[in-house]
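Before any comments, here is the structure.
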Amino acid sequence: MDFLNFLEFKITDVIDIVLVAAMLYYVYKLVKGTVAINIFIGIVIVWALWKLTELLQMRMISSMVGGFMNIGLIALIIVFQQEIRKFLLMIGSTNFASKRNFIRHFKFLKQEAMPTDMNVEAIVSACERMGVTKTGALIVMERTNSLDFIKSTGDAMNIEITQPILESIFFKNSPLHDGAAVIQDNFITATRVILPVSNDRSIPLRFGLRHRAAVGISEKTDALCLVVSEETGTITYIKNGEFIPFKSTKELIARIKKDLE
């Protein structure tokens with residue numbers, strides 16, 4: 001009888017399942033491509049095992065797994081502190097309520113992904129040109145998390161993206177070249193922005209302050225970062241606090257466009 005009662009679905013059960021699925025989807029998006037993805041998958045498997053043993057009334061193993069889940073909660077909060085921060089920022093972001101970003105958040109319900117308005121080709125082309133002249137640059141591309149809290153540290157702008165504009169901003173004698181430039185949609189919205197620097201000791205010593213700042217902001221938000229090294233002219237792509245490898249500028253453009261969707 002209990003098993004038959006379990007099969008009786010109500011409308012609240014359907015809503016419950018949809019909400020849990022949406023929450024798991026967002027958590028998966030946050031940890032996808034990071035070392036935390038394996039931990040996340042392991043937690044889901046252990047949780048599913050726990051619920052299965054409860055359903056089958058296997059009390060001993062159910063209590064053991066349940067105890068592990070309860071005791072491990074604090075450890076999970078420590079392990080996923082960056083992901084939890086991003087999740088809360090995503091929920092509380094001022095951009096979350098906008099029509100475009102609301103649809104973007106639920107794009108998995110649609111057949112086609114929304115194209116980005118950002119001129120990625122111009123951004124990468126500017127970085128490539130600056131790399132040739134070894135002009136240091138730090139570009140932050142805003143996604144769903146609002147970057148207003150860092151924009152206030154620099155100069156407000158509202159300039160449409162072009163390759164010459166980006167090159168002129170980071171020109172060595174330009175008064176705007178220090179700090180980061182923030183891009184939202186297809187506009188440069190702030191320059192000379194001061195970013196939080198990562199204290200991660202695993203970052204190789206060959207990377208300087210620009211790279212650490214890019215890692216820092218990508219750890220705290222879902223922003224994407226491009227860094228041009230002043231020493232080597234190398235372009236580095238950083239997402240979720242990690243260095244993302246690419247073989248060519250064409251591949252880099254494709255990766256950024258996909259991440260902006």
Side-chain angles (χ1 to χ4, degrees), residues 33 115-143 147 150-151 153-198 200 202-261:
T116 177
D117 293 331
M118 198 176 293
N119 190 347
V120 179
E121 287 83 359
I123 297 171
V124 174
S125 180
C127 289
E128 196 172 19
R129 289 282 298 271
M130 289 186 286
V132 173
T133 58
K134 293 186 178 180
T135 302
L138 174 50
I139 298 172
V140 181
M141 292 166 278
E142 183 174 321
R143 290 204 285 175
L147 297 179
I150 61 165
K151 290 179 186 177
T153 65
D155 298 327
M157 297 284 172
N158 189 27
I159 309 172
E160 189 171 356
I161 295 171
T162 64
Q163 178 182 322
I165 287 292
L166 283 170
E167 289 184 58
S168 65
I169 287 173
F170 291 105
F171 180 64
K172 293 178 182 179
N173 294 328
S174 167
L176 303 176
H177 79 283
D178 281 333
V182 177
I183 294 175
Q184 182 180 0
D185 292 328
N186 200 40
F187 290 86
I188 302 165
T189 56
T191 55
R192 293 207 308 166
V193 172
I194 300 172
L195 301 181
V197 178
S198 174
D200 188 351
S202 65
I203 299 175
L205 295 176
R206 68 177 181 274
F207 294 118
L209 193 60
R210 283 192 181 91
H211 294 85
R212 286 190 170 275
V215 172
I217 191 62
S218 65
E219 285 176 340
K220 291 176 170 59
T221 70
D222 65 352
L224 308 175
C225 298
L226 283 174
V227 183
V228 180
S229 172
E230 195 170 357
E231 288 74 27
T232 63
T234 305
I235 302 172
T236 306
Y237 179 42
I238 298 173
K239 179 182 73 169
N240 293 329
E242 296 186 349
F243 295 82
I244 308 300
F246 57 90
K247 296 179 180 178
S248 64
T249 54
K250 185 177 180 180
E251 182 183 344
L252 175 60
I253 291 169
R255 280 181 176 272
I256 295 173
K257 284 185 173 181
K258 183 178 179 182
D259 291 334
L260 287 170
E261 290 177 351

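Worth knowing before you read on, the calculation uses all heavy atoms, side chains too, and leaves out hydrogens, waters and symmetry mates.
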Would you say that [X] contacts [Y] through its side chain, given a criterion of any heavy-atom pair below 4.5 Å between the two side chains?
X	Y	result
Asp259	Arg143	yes
Ile238	Phe207	no
Ile150	Thr221	no
Met141	Ile123	yes

Work out which heavy atom in [X] is nearest to a heavy atom in [Y]; give both atom names and the distance.
X	Y	value
Ile188	Leu166	CD1-CD2, 3.8 Å
Thr135	Phe170	CG2-O, 2.9 Å
Ser218	Gly241	OG-N, 2.9 Å
Leu195	Ala180	CD1-CB, 3.8 Å
Asp185	Ile183	O-CG2, 3.8 Å
Arg212	Val197	CB-CG1, 3.6 Å

Could you grab the distance from atom [atom1] of [X] to atom [atom2] of [Y], nearest 0.5 Å is fine?
X	Y	atom1	atom2	answer
Glu219	Lys239	CD	NZ	14.5 Å
Ile217	Ser198	CD1	OG	11.5 Å
His211	Arg206	NE2	CZ	9.0 Å
Phe187	Asp117	CZ	CG	9.0 Å
Glu167	Thr162	CD	OG1	9.0 Å
Glu160	Asn119	CD	CG	8.0 Å

Ignoring hydrogens and geometry, is there a side-chain-to-backbone donor-acceptor pair from Asn186 to Ile161 under 3.5 Å? no

If only atom types and distance count, is the side chain of Thr234 paired as donor or acceptor with the main-chain N or O of Ser229 below 3.5 Å? no

Are the charged groups of Lys257 and Glu121 less than 4.0 angstrom apart, N to O? yes

Step by step, work out the side-chain contact (heavy atoms from CB on, under 4.5 Å) result for Met157 and Leu176. CA-CA 11 Å; Met157 297 284 172; Leu176 303 176; 3.9 Å; yes

Mind checking what makes salt bridge (Lys or Arg N to Asp or Glu O under 4.0 Å) contact with Arg255, not counting sequence neighbours? Glu251

From the options Leu138, Thr236, Leu252, select the one residue that forms a side chain to side chain contact (heavy atoms under 4.5 Å, CB included) with Leu226. Leu252

For residues Thr189 and Gln184, is any side-chain donor paired with an opposing acceptor at under 3.5 Å? no

With side-chain contact (heavy atoms from CB on, under 4.5 Å) as the test, would you mind laying out the steps for Val140 and Val193 before giving the verdict? CA-CA 10 Å; Val140 181; Val193 172; over 6 Å; no

More than 12 heavy atoms of other residues, nucleotides or ligands under 6.0 Å from CZ of Arg129: is that the case? no

